[in-house]
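Nothing here was measured: the structure is a model prediction, and the numbers come from that model. So that the names make sense, note that chain A is the first sequence line, chain B the second, and so on, each numbered from 1.
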Protein chains: 2
Amino acid sequence: MPAPARKAAHRSVARSARARPLRKSPQARKSVERTVDLGGLNEHLGYFIRRVQVWVFQDFIRVLRIVDISPAQYSVLLVIDANPGLSQAELARTLGIERARMVRVLHRLDRRGLTRRLRSSADGRAHSLRLTQKGQETLRRAATLAQTHEARLIERLGAEPYKAMRTILREFRSMP
Amino acid sequence: MPAPARKAAHRSVARSARARPLRKSPQARKSVERTVDLGGLNEHLGYFIRRVQVWVFQDFIRVLRIVDISPAQYSVLLVIDANPGLSQAELARTLGIERARMVRVLHRLDRRGLTRRLRSSADGRAHSLRLTQKGQETLRRAATLAQTHEARLIERLGAEPYKAMRTILREFRSMP
DNA sequence: TATTGTTATACTCTATAACTATA
DNA sequence: TATAGTTATAGAGTATAACAATA
């Protein structure tokens, strides 16, 4: 359910300190550039959650570019793989993606030959979702790359903080 | 730098268990609806980070609807307030928002009379950003509401996990 | 009546390229 | 040559409403 990004762009905050003449103007404005104060933002966890989340998506997209699978597509493939035959509505509710949005996501995966939509035998309205052979192969390749991404996240957060966040957030997920 | 949402929509995963006849079809498909397996997604912290982040934005937007301030706008107001006179480029880099995107954000805040863009005396190219009187008042009201949101997040995560994540993520932020 | 898949509309956000005016 | 502000464009995501077929 993410917002893919094409390229790593955002960097901000900590810019690589580059040596420069550093003119002594009244406020020495230029030298301040690297130390902008976040102000009250420091008191909002949501801001920092957003920053990590953006980093995660950018890294994920970069690492999985070879297979051209976005975070949203990856989540869809994994859930179909784990629940063959489930419907679009079930899938959408599970991942928190709008039903209307899911239609396009699946259209695209179908066009690429990664998924199939069969008429459900139990419910005439519903589609029964499956991965194709190619879909399973692509998922396998994607999963390997996704592990690389995960390793980078662990390295970046530190093993202990990573485990701590895992415990905390998997709990959060199941809440009402 | 967020993606505002109009209304709380996403719910998914844990649906309020509703009593139902529960027909005993071969796979009892319907009863499965509430227990769709996330599969390999369980091994990706990024997925859970994304879910909390979405919750945070939705809650923030809902709580601050009275003042009509989005997460992105709020972050912009806070940073300008803490660094009066900074330029658009500095602001954009600090928050990880594209320079081009920042133009529109500030246009809108200017139109609402919350911010001002003055010509910088030090650099003829740059704008010197300030909050107006109205901007400061709006920020004050927004900050009060944002504290309400923060309290909800703490309640939702638990005080200890909240503090733990705060420590972890504020560290993450300053990394290269 | 409610749900499923679908189409359509409006808006936000990201990424990119290009232009101008300054430095 | 590089940077600041700007405009424009393409694509993805979100929120909503509405519709036909089916339950």
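Separating the CD atom of B:Q58 from the P atom of D:dT14 is a distance of 9 Å, rounded to the nearest angstrom. Rounded to an integer number of Å, the gap from CD of B:Q73 to P of C:dT12 is 9 Å. Distance, B:L95 CG to C:dT14 P: 11 Å, rounded to whole Å. The CZ atom of B:R101 sits 18 Å away from the P atom of D:dA10 (whole-angstrom rounding).
Applying the 4.0 Å criterion to OP1 and OP2 of D:dT6, one finds that B:Q88 has a side-chain N or O inside that range. For the OP1/OP2 pair of C:dT12 and a distance below 4.0 Å, the side-chain nitrogens and oxygens of B:R108 include at least one atom meeting the criterion. The phosphate of D:dT7 (OP1 or OP2) has a side-chain N or O of B:H107 nearer than 4.0 angstrom. Proximity of A:R117 to the phosphate of C:dT6: a side-chain N or O atom is located under 4.0 Å from OP1 or OP2. Within the 4.0 Å cut-off from OP1 or OP2 of D:dT3, not a single side-chain nitrogen or oxygen of B:H127 is found.
Residues A:D68 and A:R112 are paired through a salt bridge, judged by an N-O separation under 4.0 Å between the basic side chain and the carboxylate.
Distance from the side chain of A:V103 is smallest to C:dG5 among C:dG5, D:dT16, C:dT14. Closest contact between the side chain of B:D123 and the listed nucleotides D:dA23, C:dA23, C:dT7 involves C:dA23. Distance from the side chain of B:A100 is smallest to C:dT16 among C:dT16, C:dG5, D:dA17. For B:R99, the listed nucleotide lying nearest its side chain is C:dA18; candidates were D:dT7, C:dA18, C:dA23.
Scanning atom types as modelled, no donor and acceptor separated by under 3.5 angstrom connect the side chain of B:R125 and the base of D:dG5.
Geometrically, B:R166 does not engage A:F48 in a cation-pi contact defined by less than 6.0 Å to the ring centre and at most 45° from the axis.
A:R104 CZ: 12 or fewer foreign heavy atoms inside a 6.0 Å radius.
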